[in-house]
Amino acid sequence: MQQFIFEDVLSKILEKDTRYHRDAYNFLREALDFTQKGLSKSRKKEVGHISGEELLNGIRDYALALFGPMAATVFAEWGIHSCEDFGNMVFLMVENNLLRKTEQDNLEEFKKGYSFEDAFRQPFLPSKKREPIIKPAPERAEVEKN
């Protein structure tokens with residue numbers, strides 16, 4: 001769909017439903033393209049429709065590549081706190097003819113998605129096996145004991 005048509009329809013969506021920021025819809029559109037391109041490479045053929053699970057995986061990968069450890073923070077700023085929020089956005093876009101769905105597509109796919117903690121925070125937490133970077137100086141530790 002052409003850019004000006006997308007933006008016009010998006011403006012109409014945002015007039016009716018203000019839960020999510022305009023940038024969130026633009027991100028979702030980019031993540032959909034990213035996911036379709038990635039799947040077409042792995043399947044060695046053009047990918048048409050993708051499932052909710054495939055889209056959520058693409059959203060996670062694209063967000064981590066784009067925002068790194070700030071992904072969950074950016075999403076929160078846009079009003080997105082769970083995979084279900086992405087599902088809500090997808091179905092708003094479907095209702096407004098920006099996306100198409102099949103009989104199998106439903107919001108439950110998105111409700112069953114990953115937790116944001118696991119997807120966007122865990123990859124950046126320090127490993128429990130790592131030694132602390134800063135260790136107290138031996139003489140300082142002994143002084144603190146006394």
Note to self: For the CE atom of Met93 and the CG atom of Leu32, what is their distance to the nearest 0.5 Å?
What the structure shows: 7.5 Å

Item checked: Thr35 versus Glu54, closest heavy-atom pair with distance -> CG2-O, 3.4 Å

Notebook entry, point to check: How many angstroms lie between atom NE2 of His49 and atom CZ of Arg100, to the nearest 0.5 angstrom?
Noted result: 10.5 Å

Next item on the list: State, to 0.1 Å, how close Trp78 and Ala24 come at their nearest heavy-atom pair, and which atoms those are.
Entry: CE3-CA, 3.6 Å

Margin query: Quick check on Lys101: does its NZ atom have over 12 non-hydrogen neighbours (other residues, nucleotides or ligands) under 6.0 Å away?
Written below: yes

Check: Under a 4.5 Å cut-off applied to non-hydrogen side-chain atoms, are Val74 and Glu77 in contact?
Finding: no

Next item on the list: To the nearest 0.5 angstrom, please state how far the CD atom of Glu117 sits from the CG atom of Leu125.
Entry: 6.5 Å

Check: Which heavy-atom pair separates Ser11 from Arg22 by the least distance, and what is that distance?
Finding: OG-NH2, 2.9 Å

Note to self: Whether Lys12 and Glu15 form a salt bridge (side-chain N of Lys/Arg under 4.0 Å from carboxylate O of Asp/Glu) is what I want to check.
What the structure shows: no

Notebook entry, point to check: Any chance the rings of Phe27 and Tyr20 have centres within less than 6.0 Å?
Noted result: no

Check: Where do Gly113 and Leu56 come nearest, in terms of heavy atoms and distance?
Finding: CA-CD1, 3.8 Å

Margin query: Looking only at side-chain N and O atoms, does Thr102 offer a donor or acceptor that is under 3.5 Å from a partner on Gln104?
Written below: yes

Margin query: Between Leu28 and Val90, does the side chain to side chain contact (heavy atoms under 4.5 Å, CB included) criterion hold? Intermediate values first, please.
Written below: CA-CA 8 Å; Leu28 180 57; Val90 164; 3.9 Å; yes

Next item on the list: Grab the two heavy atoms, one from Phe120 and one from Ala71, that are nearest each other, plus how far apart they are.
Entry: CD2-CB, 3.8 Å

Note to self: Taking Glu109's backbone N and O only, do any of them form a donor-acceptor pair with Asn106's side chain (distance below 3.5 Å, no angle check)?
What the structure shows: yes

Check: Counting only heavy atoms not in Arg121, do more than 12 sit closer than 6.0 Å to its CZ atom?
Finding: no

Notebook entry, point to check: Would you say the side-chain atoms of Asn96 pair up with the backbone N or O of Leu98, donor to acceptor, closer than 3.5 Å?
Noted result: no

Margin query: Distance check, rounded to the nearest 0.5 Å: Ile13 atom CD1 versus Phe6 atom CZ?
Written below: 7.5 Å

Margin query: As an exercise, state the distance from CZ of Phe116 to CG of Asp85, rounded to the nearest 0.5 Å.
Written below: 6.5 Å

Next item on the list: Quick one: pull up CD1 in Ile5 and CG in Leu10 and give me the separation to the nearest 0.5 Å.
Entry: 13.5 Å

Going by atom type alone, with no hydrogens or angles, which donor-acceptor pairs under 3.5 Å involve a side-chain atom of residues 58-69 and a protein atom two or more places apart or on another chain?
| residue | atom | partner | partner atom | Å |
| --- | --- | --- | --- | --- |
| Arg60 | NH1 | Asn57 | OD1 | 3.3 |
| Arg60 | NH2 | Asn57 | OD1 | 3.4 |
| Tyr62 | OH | Glu30 | OE1 | 2.8 |

Check: What are the two closest non-hydrogen atoms of Phe91 and Leu107, and how far apart are they?
Finding: CE1-N, 3.7 Å

